[in-house]
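This structure is a prediction, so every number in the text was calculated from the model and none was measured.
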Amino acid sequence: MRAAIGAMVMLAAGAAQAQEAPPVRYAVTFPDPAHHLARVTATWRNVPAGPLRVQMSRSSPGRYALHEFAKNVFDVRAVDGAGRALAVTRSDPYGWQVAGHDGTVSVTYSLFGDRGDGTYDQIDAKHAHLNMPATMMWATGYDAAPVEVAFTPADPSWRIATQLIPVAGAPNVYRARDLQYLMDSPTELSAHMVREWKVGDQLMRIAAHHPGTAADMDALAAQVKRLVPQHAALFGEWPRFDGGSYTFIADYMPQIGGDGMEHRNSTIVTTPTPLDGRNRDQLGTISHEFLHAWNVERMRPAEIEPFDFTRANATPSLWVAEGFTNYYGPMMLRRAGLIDVDGFLAEMSGQYDYILRSPARAFAGPQEASIRAPLADAATPIDPVSPQAYLSYYPYGAVVALLLDLSIRQRFPALSLDDYMRHLWRTYGRTETPYRPDDLRRALAEVTGDAAFAGAFFAASVTGHALPDAAPLLAQAGLVVRAANAGKGWIGAARVTAVEGGVTLAGAPMVGSPLYAAGADKGDRILALGDAGIAGVADWDAALARLTPGARVPVRFVQRGRTRQAELTVAADPAVAIVRMETAGQVPTAAQKRFRERWLGR
C-alpha cells in the first residue's frame, strides 16, 4: 500500500518540496465545532483541460467494509485560480465534476462528523478527531502528487498529533508524499498530553486526550515504554519509521467509541474508559495496534497493496494479519509483565470458546472467514445475519496461532511461532514485498524444514476448518480445557430485552441448542420457562439459575403472534476455559512447568 522510504529520502523530499507549493493543498477549519462541523478547502493546481472529478472515499485503510463517507459532505462550491465561481455537478453519490477551470480548482465543502473511532470523524468543542478518508476529497489523477495540509485549530489550546510531516517554519502545516500517505494519517487536534522517548535513533510518542491528570499520563506512558520493546524482540528489530518517529494517538474521552486502527507510523486507540493506573482497556488495544507496525503495515497482504479508496479491500490472509495479532497482543502484555499467566489464558479462553462453539465454523476455515470481512467489518446491513454465515477472523486467527505455536513447539522443540513471524518479517516485512496466501504456507515449510507438516496444517486448519486437538497441545504446558460453568444448565440463550409485561429474546438461540430445537428465535416473547411465568428480566434470570443439566422443562413463547409450547431437555453449559492444571486441582510435572515458563514465563 505504501512504498518504503528511508529517513534520508524523506528529508531530501521535504527540502525539495519546500521550494514550491505542492500541487494539492487542503485547508481545514472548524467554524462550528459545537455542532460537529468542519469546513474544508481542497485546491488542485496544474489541472489538465476538461472536467476535474473529485470524490470522497468509500473505504479506509485498516477497514475492510465499505463506509460511505460522502454522506457527511454538503454545501460544495468551487472556484478557479482567479476566484471565479465554477459549476459543480454531482455525477454520482460519491463524486462531483468541476468544469470550466483555468488549471486551478479549489473546492470548499462542509463536513459533519460526530463518531469518534478509528474510521470516522468526531468534531466538538473538545477536539477534532479526524480520519482522512472521512475528511478529505481527492481528485482523479493526483494519486502520486505531494500534498500539503493546513489546520486552523478551533481553540488556541489545541495542539496537533499526526504522522504527517510538519513543514518547518509553518505552524500547523504538514506534508504527505502522496495520496496514500495522506489517507493513512489520522490526526487529532485537542488539548492532549504528550510523552516521548527514544528507541535507538527513533522517537516514540504517545499523545493522549483524556480528562485525567499528568500523573495518569505518566503511568500510561511508563507502561507503554515497558511494553513496546517486546514487540521489537518478537520480530528481531524495530521498523524504520518514516520521519524517524511513531505516534500513539489516543482518545480516552467520554464521548469517544472503543476502537483501534493501525497506520504506517501511528495508530489511533480509543476507549471511553478513563485512565486508572492499571489501564487494561487501553493497553490491550495499544499492544494489538502496535504489532501492526510490523504485521500488516509492512508485512502486507498483496490484495490490499495499494489500497483502493473506491471499493471494499479484501484479502484471504486476515487470519494472519489480524488474527495472529490478536494472539500476540496479549502475549506481549504477558512478556512485559503487564498481565499474569492467568490473564493471558483468560484472553485466549474467550477466543477459543467463541470459535469452538461457532456454528459458522462448519462452513468456513480462516481463509474463508477472512474473505467475508467486507460483509461484516463494521458494516451495517439492515437485514440480520445468520450465526451460521459469519464468524470473526480475529479470534479465529488467534486460535489458529495458539494451536500452531504449540504444534511447532511440540514437533520442533527448538522452534516456535516467533520464528515463523521473524521469517515472515525478514522475507516480506523488512523488504516490504507483499505476500500472497500460499507464501504463508511456504514460509512455514521453510522455517520448520518440513513441507509435509506445513501442507497438512494449512489443508486442515487454514483452507479447511478443522482445528488440531487442543488438549494434548495445551497439556505440554500444564494447561487443561475445562467447563467454564460446571454443573450449570444451559438452553442456548441468556440475554433478553425487557418489554412491557415481559421479555423477548435479544438474539437468536445458538444453533443446536435446546431453545433452537424448540423453534424459538430472536424477538420471541417468553411467557414461561419451567414452572415460572416470565414477567421481567429478574424472572428470566431466576428461571435460568434453577436449570440443571438433563432436566426436562416446558417453555412457552409467542412468535410473530402465535403462542407456541415445547419441552426442553436442559444441556450442560458448553462454555469452556483454558486454565492452569493447578487451578483445576491437578499437579503439573516439572517438564510441563518448564515448557510453560519457556512459552509464557513464570
In chain order, what residues pass the side chain to side chain donor-acceptor pair (under 3.5 Å) check against Glu188, with sequence neighbours excluded? His127, His129, Ser190, His209
Side chain of Arg556, backbone of Leu527: donor and acceptor closer than 3.5 Å? no
Give me the one residue out of Arg226, Gln223, Met332 that meets side-chain contact (heavy atoms from CB on, under 4.5 Å) with Leu283. Gln223
Identify all side-chain donor-acceptor contacts of residues 488-513 below 3.5 Å with residues at least two apart in sequence or on another chain.
from: Ser513; atom 1: OG; to: Ile491; atom 2: O; distance (Å): 3.4
from: Ser513; atom 1: OG; to: Met510; atom 2: O; distance (Å): 2.7
from: Ser513; atom 1: OG; to: Tyr516; atom 2: N; distance (Å): 3.2

Side-chain polar contacts of residues 338-347 - donor-acceptor pairs under 3.5 angstrom, sequence neighbours left out - could you list them?
from: Asp340; atom 1: OD1; to: Asp342; atom 2: N; distance (Å): 3.3
from: Asp340; atom 1: OD1; to: Gly343; atom 2: N; distance (Å): 2.7
from: Asp342; atom 1: OD1; to: Arg580; atom 2: NE; distance (Å): 2.8
from: Asp342; atom 1: OD2; to: Arg580; atom 2: NH2; distance (Å): 3.0

Restricting to salt bridge (Lys or Arg N to Asp or Glu O under 4.0 Å), what partner residues turn up for Asp405, sequence neighbours left out? Arg409
Using side chain to side chain contact (heavy atoms under 4.5 Å, CB included) as the criterion, list what pairs up with Arg482, not counting sequence neighbours. Val579, Thr583, Ala584
Restricting to side chain to side chain contact (heavy atoms under 4.5 Å, CB included), what partner residues turn up for Ala543, sequence neighbours left out? Leu529, Ile534, Arg546
Contacts of Arg560 that satisfy side chain to side chain contact (heavy atoms under 4.5 Å, CB included) - sequence neighbours left out: none
My understanding is that only residues two or more places apart in sequence, or in another chain, count here; which of them pass side chain to side chain donor-acceptor pair (under 3.5 Å) with Gln559? Asp524, Arg564
What pair of heavy atoms forms the shortest contact from Val296 to Pro301, and how long is it? CG2-CD, 4.1 Å
Contacts of type side chain to side chain contact (heavy atoms under 4.5 Å, CB included), residue His67, not counting sequence neighbours: Arg63, Ala65, Phe69, Thr119, Tyr120, Ala378
Run the salt-bridge test on Glu597 and Lys593 with the 4.0 Å N-O cut-off and return the result as yes or no. no
Quick check on ring-ring contact (aromatic ring centres under 6.0 Å, His included): which of Phe324, Tyr393, Tyr396 does Trp319 satisfy it with? Phe324
Thr270 and Asp251: side chain donor to acceptor below 3.5 Å: no
Residue pair Gln255 / Asp124, side-chain donor-acceptor N/O under 3.5 Å: yes
Start with the C-alpha gap between Tyr354 and Leu391, add the side-chain angles, then the distance that decides, and say whether side chain to side chain contact (heavy atoms under 4.5 Å, CB included) holds. CA-CA 9 Å; Tyr354 166 80; Leu391 75 168; 3.5 Å; yes
Test your reading of the model: is there a side-chain donor-acceptor pair from His263 to the backbone of Ser266, 3.5 Å cut-off? no
So, do Phe112 and Phe74 have ring centers that fall under 6.0 Å from each other? no
Donor on one side chain, acceptor on other, Ser60 and Asn131, under 3.5 Å: yes
Anything under 30° is parallel, anything over 60° is perpendicular, the rest tilted; go ahead and classify Tyr394 against His288. tilted
Report the residues that fulfil side chain to side chain donor-acceptor pair (under 3.5 Å) with Arg280, sequence neighbours left out, ordered by chain and then residue number. none
For Asp521, the salt bridge (Lys or Arg N to Asp or Glu O under 4.0 Å) test, sequence neighbours excluded, returns none
Carboxylate-amine/guanidinium proximity below 4.0 Å for Asp121 and Arg115: no
Among all residues two or more places apart in sequence or in another chain, which pass the side chain to side chain donor-acceptor pair (under 3.5 Å) test with Arg525? none
Using only atom types and a distance under 3.5 Å, with no angle test, would you say the side chain of Asp32 pairs donor to acceptor with the backbone of Leu37? no
Is it the case that the side chain of Arg205 and the backbone of Thr247 share a donor-acceptor pair, with hydrogens and angles ignored and the cut-off at 3.5 Å? no
